[in-house]
Asks: 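Can you read through this structure? Questions will come right after.
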There are 2 protein chains.
Amino acid sequence: MAEDKPKAPEAEGAENSVPGSSGATPRGRTRIQQRNIEAILEAALDVFSAQGFRGATLDQIAAAAGLSKPNLLYYFPSKEAIHIALLTSLLDIWLAPLREMEASGDAKAEIMGYMRRKLQMSREMPRESRLFANEILQGAPRMGEMLSTDLKALVDAKAAVIRGWAAAGQIAPVDPYHLIFAIWALTQHYADFDVQVRAVLGPEHDDPCTEAERFLTPLFERLLAP
Amino acid sequence: MAEDKPKAPEAEGAENSVPGSSGATPRGRTRIQQRNIEAILEAALDVFSAQGFRGATLDQIAAAAGLSKPNLLYYFPSKEAIHIALLTSLLDIWLAPLREMEASGDAKAEIMGYMRRKLQMSREMPRESRLFANEILQGAPRMGEMLSTDLKALVDAKAAVIRGWAAAGQIAPVDPYHLIFAIWALTQHYADFDVQVRAVLGPEHDDPCTEAERFLTPLFERLLAP
DNA sequence: CCTCTTGCTGACCGCGTGGTCAAACCACCC
DNA sequence: GGGTGGTTTGACCACGCGGTCAGCAAGAGG
């Protein structure tokens, strides 16, 4: 009985590489577990997105979550577990805009809508954007698997949809993969490189994303016009 | 006489925030100094671009440079000094493609040429791209000054040029700043998010940048057509 | 040969950091 | 009240890391 851990909430499933469509965030049993786990993930999102994985410290996360460091490690077995839990629990949210793009809709409207939703996420969820950007920049050591399985599968499917639209003459015949890359690059740029954008634009511009939408809308309209 | 440092090469100028057009890399006195400083910067570029500032360790850099850790600190006073030296010495190279864009040339050709040069740098200098991406992502703690002075000045100047082209009817009237952001985003994406791009495209695609050029050329041609 | 400057290194240090543990705390139910 | 589980923490540890230092090697010039 000496080696039997008390309970170990374990929080987010680390083995479950593909949460699919199960309940993403709410998992903890007790009310207090759920509250603390949520606070930890929120704090970790703040710190990891701002400092990167190595740059973040457990003390920073604990302080931001209003908990003690050992208490963090009561809910998560390690720093890396927190990071993985964050990434997996946010991947669904992050890819939702692409999932919403449906073949049954109007081609141009669907793509423009996707671009706009992605841009809105850059504005409203810049921390998530930077979290993923950090992970990818470092070579995706904790997400590489997901990229070449889940993400690739989703993009493959949507690329086929776009190719169908192009074949039907609804949009210009563009490479669907690089079209998606372009949407990613052009929208996430405003979240990931925010400081640079603001430094270049100067202090008077208050919301670069709004300007970006006025720039990107005609860009994609011209690109997609058959 | 006890507090007189032997000589302290000091390497790259840390105070010189704008090297302008002076000799960028070669500065050390002795032949051996120059060789080692170059090896250190090369190794540091490898490590910093792959691991970020906090993720990199002096031991890694020293090993990659074929030197001992104390020997590193004989040429550079600190880890941060190496990082700053890298950033400043590479900034000129990094901004050269934009500087080459000249008002006297043909509008569309100049912009397309800039895009292509930038894309070429993503292909040939991905480490530099990731180094800057890391720095910006972390909020540019060591480069913020340069962004809002040198970089802003350069972009302001080139934006005025682009605006002139648009006013002359040579290209469509687009926001010059966001046009430049678009070029940055679309080209650097292939360096910074290389693993993601390759994961999505699959193993058979060997050079995403070549495909990217075939995608981006018509994109900008359509965008800029008056 | 000696000497002086530059280059280089093994050994060391202090500290921050991830992680552990035994003990205490607390809420809730008999 | 006493028990019993989940919850919290102070104290602690091992280790990796940035950085220092005294001293040694190696040329260059006499």
Side-chain angles (χ1 to χ4, degrees), chain A residues 1-11 14 27-41 43-44 47-48 50-86 141-142, chain B residues 1-11 14 27-41 43-44 47-48 50-86 141-142:
Chain A
M1 59 174 65
E3 67 230 0
D4 206 14
K5 287 268 193 77
K7 200 57 195 300
E10 274 293 333
R27 187 78 66 84
R29 283 121 111 89
T30 317
R31 199 59 52 84
I32 191 169
Q33 276 181 18
Q34 196 158 321
R35 174 174 56 85
N36 282 345
I37 287 175
E38 198 175 339
I40 291 172
L41 290 177
V47 179
F48 279 137
Q51 319 267 20
F53 180 74
R54 293 277 317 251
T57 73
L58 286 180
D59 297 85
Q60 288 173 344
I61 300 174
L67 300 173
S68 66
K69 187 172 59 169
N71 206 7
L72 273 198
L73 297 163
Y74 171 71
Y75 290 101
F76 290 89
S78 71
K79 177 186 179 182
E80 184 160 7
I82 302 178
H83 195 232
I84 293 176
L86 251 190
R142 288 166 254 280
Chain B
M1 62 174 65
E3 66 230 357
D4 208 13
K5 287 269 193 78
K7 199 56 193 301
E10 275 293 333
R27 187 77 67 84
R29 282 119 112 89
T30 317
R31 199 57 53 84
I32 191 167
Q33 276 182 18
Q34 195 159 321
R35 174 174 56 86
N36 282 344
I37 287 175
E38 198 175 338
I40 292 172
L41 291 177
V47 179
F48 280 137
Q51 319 267 20
F53 180 74
R54 293 274 321 248
T57 74
L58 286 181
D59 296 85
Q60 289 174 344
I61 299 174
L67 300 175
S68 66
K69 186 171 61 168
N71 206 7
L72 272 200
L73 297 163
Y74 172 71
Y75 290 101
F76 290 90
S78 71
K79 177 186 179 183
E80 184 159 9
I82 303 178
H83 196 231
I84 293 175
L86 251 190
R142 290 166 254 280

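Proteins come first, then strands; the chains are lettered A, B, ... in the order of their sequence lines, and each starts at number 1.
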Asks: Would you mind reading off the distance between B/Ile40 atom CD1 and C/dG7 atom P, rounded to a whole angstrom?
Replies: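 So the two atoms are 12 Å apart, to the nearest Å.
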Asks: Expressed in angstrom and rounded to an integer, what is the separation of B/Arg31 atom CZ from D/dG27 atom C1'?
Replies: 15 Å
Asks: Would you compute the distance between atom CD of B/Gln33 and atom OH of B/Tyr74 and round it to the nearest 0.5 angstrom?
Replies: 6.0 Å
Asks: Just verifying a value: how many Å separate A/Gln60 CD and A/Gln51 CD, rounded to the nearest 0.5 Å?
Replies: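 Result: 5.0 Å between the selected atoms.
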Asks: Of all residues at least two apart in sequence or in a different chain, which pass the side chain to side chain donor-acceptor pair (under 3.5 Å) check with A/Arg142?
Replies: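 Listed in chain order: A/Glu80, A/His83.
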Asks: For nucleotides 22-26 of chain C, which of its nitrogen or oxygen atoms have a protein nitrogen or oxygen under 3.5 Å away, and what is each distance?
Replies:
none

Asks: Counting any heavy atom closer than 4.0 Å, what does B/Leu73 reach on the DNA or RNA strands: base, sugar-phosphate only, or nothing?
Replies: base
Asks: What integer distance in Å separates B/His83:NE2 from D/dC17:P?
Replies: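 Interatomic distance, NE2 of B/His83 to P of D/dC17: 17 Å.
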Asks: State the CG-OH distance between A/Leu41 and A/Tyr75, to the nearest 0.5 angstrom.
Replies: 12.5 Å
Asks: Looking only at heavy atoms, what is the nearest atom pair of A/Ala56 and A/Val47, with distance?
Replies: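 In this case the closest contact between A/Ala56 and A/Val47 is CB-CG1, 3.4 Å.
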Asks: For B/Ala62, report the nucleic acid contact type (base, sugar-phosphate, nothing); a contact means any heavy atom under 4.0 Å.
Replies: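 If one applies the 4.0 Å heavy-atom cut-off, B/Ala62 turns out to touch nothing in the nucleic acid.
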Asks: Could you write out each protein N or O paired with an N or O of nucleotides 8-14 of chain C at a distance under 3.5 Å?
Replies:
| unit_1 | atom_1 | unit_2 | atom_2 | d |
| --- | --- | --- | --- | --- |
| C/dC8 | OP2 | B/Asn36 | ND2 | 2.7 |
| C/dC8 | OP2 | B/Tyr75 | OH | 2.5 |
| C/dC8 | O5' | B/Asn71 | ND2 | 3.4 |
| C/dT9 | OP2 | B/Ser68 | OG | 3.0 |

Asks: Grab the CG-P distance between A/Leu58 and D/dT9 for me, whole Å please.
Replies: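 Computing the A/Leu58:CG to D/dT9:P distance gives 15 Å.
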Asks: Select base, sugar-phosphate, or nothing to describe what B/Ala81 touches, counting heavy atoms under 4.0 Å on all strands.
Replies: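 No contact.
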Asks: By the definition side chain to side chain contact (heavy atoms under 4.5 Å, CB included), identify the one residue from B/Ile84, B/Ile61, B/Ile37 that meets it with B/Phe76.
Replies: B/Ile37
Asks: Would you compute the distance between atom OG of A/Ser78 and atom CG of A/Leu72 and round it to the nearest 0.5 angstrom?
Replies: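 Answer rounded to 0.5 Å: 11.0 Å.
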Asks: CG/A/Leu67 to CG/A/Leu58 distance, rounded to the nearest 0.5 angstrom?
Replies: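 Output value for this atom pair is 12.0 Å.
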Asks: When you measure from the side-chain N and O atoms of B/Gln33 to the phosphate of C/dG7, is any distance below 4.0 Å, counting only OP1 and OP2?
Replies: yes
Asks: Okay, side chain of B/Lys79, backbone of B/Leu73: is any donor-acceptor separation there less than 3.5 Å?
Replies: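 Not confirmed, B/Lys79 side chain does not pair with B/Leu73 backbone.
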